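Okay, so here's the structure we're looking at.
Because the structure is predicted, anything quoted here is derived from the model rather than measured. Per chain, numbering begins at 1; letters A, B, ... match sequence-line order.
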There are 2 protein chains.
Amino acid sequence: MATLKDVARLAGVSVKTVSNVVNGYSFVKPDNRRRVEEALEATGYRPNLGARNLRRGRTGFIALVLPELSIPYFAELAGLVIAAAQEHEWNVLIEQTFGTLAGERSALASLGPHLVDAAILSPEALEADDFQLSVPAVLLGEHAVDVPISRVGIDNVAAAQAAVRHLISLGHQRIAAIGAHPHRGTAALRLEGYRAALAEASLPFVDELVIPALNYHRADGAAAMRSLLDLPSPPDAVFCFNDLLAIGAMRAAAERQVRVPSQLAVVGFDNNEESVYSSPSLTSVAPDKSAIARAAVDLLHQRVETGELLADVETPFSLQVRESTVAR
Amino acid sequence: MATLKDVARLAGVSVKTVSNVVNGYSFVKPDNRRRVEEALEATGYRPNLGARNLRRGRTGFIALVLPELSIPYFAELAGLVIAAAQEHEWNVLIEQTFGTLAGERSALASLGPHLVDAAILSPEALEADDFQLSVPAVLLGEHAVDVPISRVGIDNVAAAQAAVRHLISLGHQRIAAIGAHPHRGTAALRLEGYRAALAEASLPFVDELVIPALNYHRADGAAAMRSLLDLPSPPDAVFCFNDLLAIGAMRAAAERQVRVPSQLAVVGFDNNEESVYSSPSLTSVAPDKSAIARAAVDLLHQRVETGELLADVETPFSLQVRESTVAR
DNA sequence: CCGGGTCTTTACATCGTTGGAACAACGATG
DNA sequence: CATCGTTGTTCCAACGATGTAAAGACCCGG
């Protein structure tokens with residue numbers, strides 16, 4: 001593999017002149033520039049990123065710490081983050097935590113300052129003490145603890161409220177919620193939006209209609225739905241805190257011959273591609289994932305380049321109404 | 001951030017001695033070792049990976065080149081590859097190609113020998129000339145062109161044959177296939193398995209029942225299914241070359257009030273988690289993704305460590321029978 | 001044709017780490 | 001007591017790139 005030295009020898013100039021050409025330094029004589037460029041071409045020179053970064057004190061990588069790639073929301077987000085990072089010549093390192101405290105801690109620990117320039121975190125269990133980071137970071141979504149790290153995400157209260165309002169506007173009165181969680185900030189906010197929507201329509205908040213979910217997988221949604229259908233008077237609508245829970249809930253409903261949406265309306269959250277093609281298709285709160293990815297990466301880039309502190313960014317969302325609430 | 005030099009000063013020994021301790025070199029006096037370890041602890045030393053790799057000529061990264069993370073199969077696979085790579089102290093860099101020739105070429109081009117130690121490729125459009133790689137690599141799945149790179153994957157012909165045999169055993173006679181593709185090796189093999197199953201049951205191969213798909217997304221499956229349902233005599237079963245196509249096909253069937261499985265049986269390929277919870281749930285060929293990920297990473301590790309050439313690895317698969325072929 | 005500024009290039013040190021040679025200390029051996 | 005092999009340690013160079021400072025080339029007016 002060719003190094004600057006090889007190129008320099010071939011072009012008959014010093015190593016530094018080649019480096020200057022490679023880095024677009026202005027003051028190089030046209031004649032030398034041409035010779036260097038030919039030599040670069042001839043040798044197929046590619047800079048050694050390790051060496052460059054050692055010298056520059058940068059690594060050229062950012063970390064993306066998320067629960068699990070097999071969760072569609074995070075997979076889609078990861079794809080968008082990779083694309084956004086590419087525009088700043090950053091490569092993305094993905095760390096999976098599987099939503100456990102231990103997993104998140106070990107992911108953070110491995111983020112030595114030499115490995116990545118910055119990190120995008122999507123934590124679920126971390127506590128305030130854990131946020132002693134050695135690199136600039138942003139948080140995706142909210143988090144229960146109050147830490148001085150900027151956040152990128154939607155207004156979860158407003159989004160949840162919009163979802164439940166939609167159900168109320170369709171005439172539903174007994175609306176359940178699946179996905180409450182003791183330690184997840186996001187869950188608390190969505191629950192708050194749910195309460196707010198009920199309150200503004202003067203509907204009662206009923207404890208037994210709020211089902212917690214330890215994980216947000218399809219199986220958890222199905223289990224929660226079964227317990228709701230077992231109630232003496234089951235709900236006529238359900239708001240799930242993510243699409244996977246909703247898909248599981250619809251599956252459980254189908255298994256009990258409960259018709260969606262006529263007997264049970266369902267709303268999800270995340271707007272996974274999967275939800276567009278399910279039968280029935282799923283009404284869902286759609287955060288602008290692309291905006292989230294871009295904002296997170298741009299913020300970090302600005303922080304690393306200029307050292308400026310970061311403001312929080314609120315990204316837009318919309319409600320995608322589909323067959324699970326309004327029959328076609 | 002502490003460097004070896006800082007630790008050495010604190011422990012009162014040379015830099016190299018500290019390096020020896022860090023790297024587990026045997027011959028260090030117990031007394032010095034203790035002092036160095038204390039100094040390491042006190043300074044919170046973390047090796048600068050860039051510098052280490054520059055010296056060692058390794059990077060500590062492998063690339064995973066795949067079409068798109070938003071495709072569940074690749075998202076799941078990526079998660080497993082990351083986990084497997086961790087066991088060899090490798091970090092994984094994901095590159096998305098979006099299934100285009102240009103995307104794949106640019107991904108390969110960016111894989112300078114300085115960026116990664118090895119690569120796992122899942123190409124769809126590359127031609128033989130493109131495989132001039134500067135690092136050891138393995139291919140996931142088959143590929144049309146014949147290149148001297150080892151492959152990891154299942155026996156696609158046998159797997160497809162098993163899927164279609166299953167449909168035949170249920171009494172279906174007019175079985176369609178969705179997902180033929182002019183340049184995809186995998187598609188060709190699955191089609192071959194489809195033909196073989198028909199042939200061994202003495203069923204005719206009917207051209208109009210084989211629908212090509214340029215992409216393997218849900219929308220493509222839905223479009224293909226619509227064209228099948230428009231036929232004068234539509235099929236009574238369909239074998240889709242991946243689960244997304246199958247999900248799209250089931251969606252299209254539902255929109256035309258065609259009942260699955262009574263009027264139309266559907267089999268997919270990949271066994272996505274999504275397919276377990278769809279309504280009806282989807283019968284699918286289930287490659288052992290975990291085995292694929294592990295085999296690919298282990299093979300590369302062995303190659304990088306020992307320089308040995310790599311043999312192909314055939315991983316197991318099974319057929320998961322669900323409601324889309326056998327009503328519950 | 002000299003002094004002074006503007007371009008252009010070069011030599012050298014440096015980033016943090018590790019491999020190798022050199023050297024020092026040690027007990028064992030003849 | 002000289003020699004030897006084994007341990008243990010240090011010094012130096014090197015990986016490939018870039019920043020700095022200084023030297024060299026060039027052009028201008030006086």
Short heteroatom pairs, N/O only, protein and nucleotides 21-23 of chain C, under 3.5 Å:
none

Requested in this report: Assign the ring pair F61(B) / F61(A) to parallel, tilted or perpendicular, where the plane angle (0 to 90°) is split at 30° and 60°.
Outcome: parallel
Query raised in the report: Given D31(B), which of K29(B), R34(B), R33(B) fulfils the side chain to side chain donor-acceptor pair (under 3.5 Å) condition?
Result: R34(B)
Query raised in the report: Whole-Å distance between dA14(D) P and L4(B) CG?
Result: 20 Å
Query raised in the report: Which whole-number value in Å describes the distance from Y25(A) OH to dT8(C) P?
Result: 9 Å
Query raised in the report: Less than 4.0 Å between a side-chain N and a carboxylate O, is that true for R294(B) and E87(B)?
Result: yes
Query raised in the report: For dG16(C), does either OP1 or OP2 sit under 4.0 Å from a side-chain N or O belonging to T3(B)?
Result: no
Query raised in the report: Under 4.0 Å between a side-chain N or O of T17(A) and OP1 or OP2 of dT8(C)?
Result: no
Query raised in the report: Contact class for V15(B) (heavy atom, under 4.0 Å): base, sugar-phosphate, or nothing?
Result: base
Query raised in the report: Charged N to carboxylate O below 4.0 Å: is that the case for R58(A) and E305(A)?
Result: yes
Query raised in the report: About how many Å separate CG of L66(B) and CG of L77(B), when rounded to the nearest 0.5 Å?
Result: 7.5 Å
Query raised in the report: Tell me, do D130(A) and E104(A) make a side-chain contact under 4.5 Å, heavy atoms counted?
Result: no
Report task. Send over the distance from R33(B) CZ to dT7(D) P, rounded to a whole Å. Result -> 14 Å
Query - S19(A) side chain near dT18(D) phosphate (N/O to OP1/OP2, under 4.0 Å) - result: yes
Report task. Step through the shown structure and confirm whether more than 12 heavy atoms of other residues, nucleotides or ligands are within 6.0 Å of CZ on R35(B). Result -> yes
Query - Short side-chain N/O contact to dT18(D) OP1/OP2 from N23(A), under 4.0 Å - result: yes
Report summary line: K5(B) NZ to dT18(C) P, in whole Å, measures 15 Å
Query raised in the report: Which residues within residues 45-62 of chain A lie with some heavy atom under 4.0 Å of an atom in DNA chain C?
Result: L54(A), R55(A)
Query raised in the report: DNA chain C in dot-bracket, Watson-Crick or G-U pairs under 3.5 Å, [ ] crossing, | other strand?
Result: ||||||||||||||||||||||||||||||
Query raised in the report: Are side-chain heavy atoms of L299(A) and V152(A) found at a separation under 4.5 Å?
Result: yes
Requested in this report: Assess whether side-chain contact (heavy atoms from CB on, under 4.5 Å) is satisfied between L121(A) and L140(A), documenting all intermediate values.
Outcome: CA-CA 6 Å; L121(A) 311 176; L140(A) 296 188; over 6 Å; no
Query raised in the report: What integer distance in Å separates K29(A):NZ from dA25(D):P?
Result: 9 Å
**Report entry** Nucleotide dT18(C), atom C1' - distance to CG of N20(B) in whole Å
**Finding:** 9 Å
Query raised in the report: Are a donor atom and an acceptor atom from the side chains of T59(A) and D117(A) found within less than 3.5 Å of each other?
Result: yes
Requested in this report: For H114(B) and dG16(D), give me the distance from atom NE2 to atom P, rounded to whole Å.
Outcome: 7 Å
**Report entry** Between CH2 on residue W90(B) and NE2 on residue H301(B), distance to nearest 0.5 Å
**Finding:** 5.5 Å
Query raised in the report: Would you say F74(A) and P67(A) make side-chain contact, with heavy atoms under 4.5 Å?
Result: yes
Query raised in the report: Of all the choices, dT7(D), dT18(C), dA17(D), which nucleotide is nearest to the side chain of F27(B) once you look at every atom?
Result: dT7(D)
Query - Whichever of A2(A) and V28(B) has its nearest DNA chain D nucleotide further upstream toward 5' - result: V28(B)
